[in-house]
Amino acid sequence: MKCALVTGGSRGIGKAVSIALAELGHHVLINYKSNETEALNTLEKIKSKGGTAELIPFDVADKSSVDAALDAWMQNNADSKIVVLVNNAGIKNDSLMMWMQESQWKTVLDTSLNGFFYITQKLLMPMLVNKFGRIINIVSVSGLKGLSGQTNYSAAKAGVIGATKALAQEVARKGVTVNAIAPGFIRTDMTKDMPEKDLAKTIPVQRFGEPEEVAALVAFLASDKAAYITGEVISINGGLY
Ligand code: NDP
């Protein structure tokens with residue numbers, strides 16, 4: 001079975017990505033941390049469209065949780081291969097640097113940057129042996145230009161961008177591509193408390209993006225057609241740089 005693991009697949013961008021990859025014919029492993037109801041909703045949506053998927057809860061920021069879940073899955077599914085990995089799970093916890101608690105710094109970096117490391121390192125070897133893999137990291141405009149109030153989030157996403165470029169060079173000749181997608185404002189739970197009307201005026205396209213628009217780009221990068229794109233950071237931001 002051709003499988004795709006989507007971290008943070010219960011809500012927002014990850015939900016749309018899970019559905020899009022199932023439509024491409026992948027069996028999707030829907031990861032989430034705590035919101036089982038929304039994860040089940042993603043699963044049901046995939047099934048209602050004729051796709052297949054399963055839930056795989058773990059905390060991406062906790063290496064022992066990642067190892068336990070993925071080791072067990074690989075043991076129980078020895079004939080299946082995870083050929084697509086979408087490192088999407090992420091959180092923000094904004095504060096000006098002056099007031100930022102160490103816990104705010106740590107949780108944001110642990111989730112995006114360390115989570116990327118724990119999961120990618122585990123799934124990389126089978127991709128290299130199989131001579132095929134697609135690793136797609138969801139970063140942010142914040143990691144490209146830096147945003148006030150987000151030193152932790154900007155650092156985490158910039159870290160993943162650097163890792164994307166380095167890893168792409170390590171594994172390109174083994175048929176594994178590694179790319180990052182940098183969304184601007186996308187309409188999800190993460191942005192629901194933002195003043196959308198006011199912010200939309202600052203975006204050339206004059207609106208927030210939809211999770212499905214990001215998912216379409218992920219689906220393309222996951223496809224065979226994207227074999228010659230690697231080490232790239234693709235913005236999807238309505239013109240907001
Ligand atoms: P949401 O807040 O809507 O969803 C976050 C998802 O990540 C949920 O599925 C959540 O699971 C999961 N998650 C969070 N922490 C963990 C963890 N420690 N372990 C496992 N899963 C976890 O976020 P978005 O869909 O908006 O964001 C998705 C990604 O896109 C993030 O990396 C974000 O930084 C990035 N991004 C988003 C933008 C936006 O405007 N929305 C803009 C730029 C980047 P659960 O449901 O269990 O809590």
Side-chain angles (χ1 to χ4, degrees), residues 5-20 28-43 45 53 55-70 85-94 103 106-119 136-147 150 152-161 164 180-196 199-200 202-203 205 207-215 217-218 233-238 240-241:
L5 169 62
V6 181
T7 68
S10 49
R11 292 184 284 125
I13 293 170
K15 181 187 284 270
V17 167
S18 298
I19 294 167
V28 179
L29 278 63
I30 305 164
N31 160 258
Y32 62 101
K33 185 178 174 188
S34 54
N35 197 333
E36 190 182 28
T37 308
E38 281 304 314
L40 283 168
N41 178 273
T42 306
L43 180 63
K45 285 206 160 114
L55 304 189
I56 182 164
F58 58 83
D59 179 353
V60 300
D62 175 0
K63 187 175 184 333
S64 57
S65 166
V66 172
D67 285 347
L70 291 179
L85 165 62
V86 185
N87 286 303
N88 164 76
I91 54 167
K92 68 183 179 71
N93 193 335
D94 297 353
S103 60
K106 270 183 69 54
T107 50
V108 170
L109 269 98
D110 281 348
T111 306
S112 280
L113 187 56
N114 292 339
F116 157 82
F117 174 71
Y118 300 147
I119 298 162
I136 299 155
N137 303 317
I138 307 299
V139 293
S140 171
V141 64
S142 183
L144 286 170
K145 66 174 249 182
L147 286 179
Q150 293 197 324
N152 50 357
Y153 187 79
S154 297
K157 296 300 193 182
V160 176
I161 288 170
T164 299
I181 292 177
F185 292 109
I186 307 297
R187 195 176 291 123
T188 68
D189 288 346
M190 189 178 271
T191 54
K192 72 177 186 313
D193 296 326
M194 293 181 177
E196 184 173 339
L199 286 170
T202 68
I203 304 169
V205 168
R207 64 171 176 86
F208 279 18
E210 298 296 338
E212 291 72 20
E213 293 177 305
V214 181
L217 180 53
V218 173
V233 185
I234 303 178
S235 290
I236 175 161
N237 57 20
L240 178 82
Y241 287 95

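Please read these numbers as outputs of a predicted model, since none were measured by experiment. For ligands, and for the atoms within them, numbers begin at 1 and follow the listed sequence.
With a heavy-atom cut-off of 4.0 Å, Thr7 does not touch ligand 1 at all.
Listed by chain and number, the residues in a salt bridge (Lys or Arg N to Asp or Glu O under 4.0 Å) with Asp110 are Lys106 (sequence neighbours excluded).
Taking each of Phe185, Tyr32, Tyr153 in turn, the one with a heavy atom nearest to atom 35 (C) of ligand 1 proves to be Tyr153. Across the listed options Gly90, Ser10, Pro183, Gly209, Pro183 owns the non-hydrogen atom lying nearest to atom 43 (C) of ligand 1. When the heavy atoms of Lys157, Lys33, Lys15 are ranked by distance to atom 16 (C) of ligand 1, first place goes to Lys33. Scanning Asn31, Ile186, Asn237, Val141 for the heavy atom closest to atom 39 (C) of ligand 1 points to Ile186. Scanning Val60, Ile138, Thr111 for the heavy atom closest to atom 30 (O) of ligand 1 points to Ile138.
Looking at atom 7 (O) of ligand 1, its nearest protein heavy atom turns out to be Gly8 CA, 3.5 Å. Looking only at protein heavy atoms, the nearest one to atom 38 (C) of ligand 1 is Gly184 O, 3.9 Å. Closest protein heavy atom to atom 25 (O) of ligand 1: Ile13 N, 2.8 Å. Annotation: atom 24 (P) of ligand 1 to nearest protein heavy atom, Thr188 OG1, 3.6 Å. Among all protein heavy atoms, the one lying closest to atom 48 (O) of ligand 1 is Arg11 NH2, 2.8 Å. Looking at atom 32 (O) of ligand 1, its nearest protein heavy atom turns out to be Asn88 O, 2.7 Å.
Interface of Asp189 with ligand 1, defined as ligand atoms under 4.0 Å from a residue heavy atom, comprises 3 (O). Within the listing of ligand 1, atoms 19 (N), 20 (C) sit less than 4.0 angstrom from a heavy atom of Phe58.
In summary, Lys45 and Glu212 do not engage in a salt bridge, as defined by a charged side-chain N under 4.0 Å from a carboxylate O.
Pairs passing the salt bridge (charged side-chain N to carboxylate O under 4.0 Å, His left out) check and including a residue from residues 181-194, sequence neighbours excluded, read Arg11-Asp189, Arg187-Glu196, Arg187-Glu210.
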